[in-house]
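Reviewing the structure listed below.
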Amino acid sequence: MPGVGRVAVSSPVVIRLEHVTKLYKTSTRPALDGVSVTIDRGEFVFLIGPSGSGKSTFLRLLLREDVPTKGDIYVSDLNVAKLPRRRVPRLRQRIGCVFQDFRLLTNKTVGGNVAFALEVIGKSQSTVRKVVPEVLDLVGLAGKADRMPHELSGGEQQRVAIARAFVNRPLVLLADEPTGNLDPDTSQDIMLLLERINRTGTTVLMATHDHSIVDSMRRRVVELDMGQVVRDESRGVYGVGR
Amino acid sequence: MRTDFVAREVFTGLRRNVTMTIAMVLTTAISLGLVGTGLLAVRTIDRTEQLYSDRVEVQVALTSDVSAADTDCAQAVCTALRSKLEALPQVESVRYENQQQAYERYLQLFKGQALADLVRPQSLPSTLRVRLNDQETGAQAVRQATTGQVGVRNVIDQREVVARLFDFLGGVRDVTFGLAVVQAIAALLLISNTVQVSAFTRRTEVGVMRLVGATRWYTQLPFLIEAVVTGVVGALIAVGGLVVGKFLFIDQLLSGIVSNGVVPPVEVADIIWVSPILVMIGAAIASVTGYATLRLYVRL
């Protein structure tokens with residue numbers, strides 16, 4: 001329903017891009033070029049492609065960090081591109097984000113980092129007290145709420161970041177190279193955790209360069225190259241199909 | 001809105017930039033202290049004007065022959081002048097002061113000084129002291145009615161003397177307001193700078209806040225409150241400075257002319273009257289500057 005701003009709430013579709021083009025002023029080639037992708041509720045999708053293929057732009061547009069030059073983007077029932085500025089927070093409360101560099105607040109404890117995500121959207125102290133230990137337990141950090149980030153390993157720090165992204169139970173979890181800074185074993189643990197979160201019904205969209213993870217998971221793969229979708233394959237692997 | 005969260009963020013922000021915060025508070029305090037001084041000067045000028053409008057007279061000095069001959073304005077020259085003055089609509093009352101009375105007042109005025117010994121009653125003129133009910137046009141009317149008349153030596157408008165005092169007080173006011181404006185510009189730039197530095201040092205927090213869907217108010221409010229807190233603390237220090245300044249400086253400086261009744265004293269009540277104005281100016285400048293800085297220079 002382009003232009004209407006809503007899709008049916010009961011629809012299984014969580015993310016929909018319709019002929020999305022993004023052209024940056026500083027570049028002659030579009031970062032995204034007529035991309036159309038639909039992702040259903042509860043899917044686990046890898047977004048792959050070489051550097052400069054448009055993965056980051058894809059994620060930025062979903063978060064409304066930027067707006068497309070052409071086309072429509074829907075997250076749940078929100079028309080992202082046409083969303084008024086004041087309603088952007090509502091969109092972002094439905095999306096959790098995890099990054100390669102964790103982006104933890106170094107002056108706050110593990111529990112404080114997770115609680116922060118709830119406090120800044122106005123959740124009550126009682127909710128925070130109840131939910132934070134639950135989510136720390138889910139990500140395997142029970143008992144570490146009072147540690148500072150620098151006291152944790154890289155894998156544990158990424159778990160804190162995932163806990164923070166998931167604590168508000170988002171519809172979608174966007175993960176931008178979440179294993180980029182981690183060794184293979186730790187990466188595997190993080191993937192198990194993301195799978196676990198996916199099983200709760202949360203859609204996971206993960207941009208990655210990690211062949212072994214994509215190959216071992218055998219989930220849906222959307223491959224971008226030069227801003228275009230060159231492959232969209234359920235149960236795909238990293239390097240096949242080009 | 002989680003007030004405990006916002007309060008915690010404000011406290012953290014102020015503590016993290018403690019040197020900038022102190023600089024901002026002090027600059028704001030000095031600026032507002034000067035504004036306060038200016039406002040006190042205005043208040044003193046107003047009160048002094050009122051004081052003098054009740055007291056100031058126009059003096060019509062009589063020639064020495066009339067002065068010497070007439071001790072109670074009973075002779076024709078003096079009574080004619082007096083009736084003429086009393087007939088003017090701007091005149092409230094006319095009082096005659098003879099040479100002896102003038103001499104006594106003179107002695108009182110210059111008591112203990114060498115000048116007091118130099119003067120004899122006959123060297124002072126008798127005067128018709130005219131009190132006006134219309135200060136603006138009255139003096140001119142008296143001058144017109146008496147200049148060139150027989151028995152009149154000259155006409156002295158006390159307002160001309162007092163005008164010099166007002167010029168001085170007005171000058172004090174203008175200089176303090178001028179300095180206050182310069183200092184306010186410095187405070188404004190410091191507030192703007194501090195908000196930017198504060199936002200920069202907390203860019204990770206702000207980035208996370210935006211990502212998890214905090215509203216604009218949530219991300220901006222701590223910075224705004226920080227600015228307002230420093231503005232208000234600056235204003236309170238300025239008020240404290242005015243109180244200290246009153247007791248240590250103004251009271252001593254003005255003690256002579258206050259006890260002589262030349263100017264009214266600066267009371268603590270005056271400072272209490274100025275305080276809310278300073279606090280409001282401090283809060284308003286800080287919040288407007290903070291908001292403008294966040295909108296124009298900081299992407300939150």
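Being a predicted model, the structure only gives us computed values, none of them experimental. Lettering follows sequence order; numbering is per chain, from 1.
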Does any backbone or side-chain atom of B:R202 lie under 4.5 Å from a heavy atom of chain A? Answer side chain, backbone, both or neither.
neither
Greatest number of heavy atom pairs closer than 4.5 Å to chain A - which of B:G207, B:A214, B:G213
B:G213
Would you check if the side chain of B:N17 reaches a backbone N or O of B:L14 as a donor-acceptor pair within less than 3.5 Å?
no
Test item: side-chain donor near acceptor, B:Q196 and B:T293, under 3.5 Å:
no
For B:T28 and B:S31, test the side chains for any donor-to-acceptor distance below 3.5 angstrom and give the result as yes or no.
no
OH of A:Y24: more than 12 outside heavy atoms within 6.0 angstrom?
yes
Between [X] and chain B, which part of the residue has a heavy atom less than 4.5 Å away: side chain, backbone, both or neither?
| X | answer |
| --- | --- |
| A:K123 | backbone |
| A:L104 | backbone |
| A:I95 | backbone |
| A:T106 | neither |
| A:N113 | neither |

Taking A:R94, A:K108, A:E119, A:Q93 one by one, which has the highest count of heavy-atom pairs under 4.5 Å against chain B?
A:E119
Give me the atom names and distance for the closest heavy-atom approach of B:T194 to B:M24.
OG1-SD, 3.2 Å
Taking the six-membered ring for Trp, are B:F247 and B:F249 closer than 6.0 Å centroid to centroid?
no
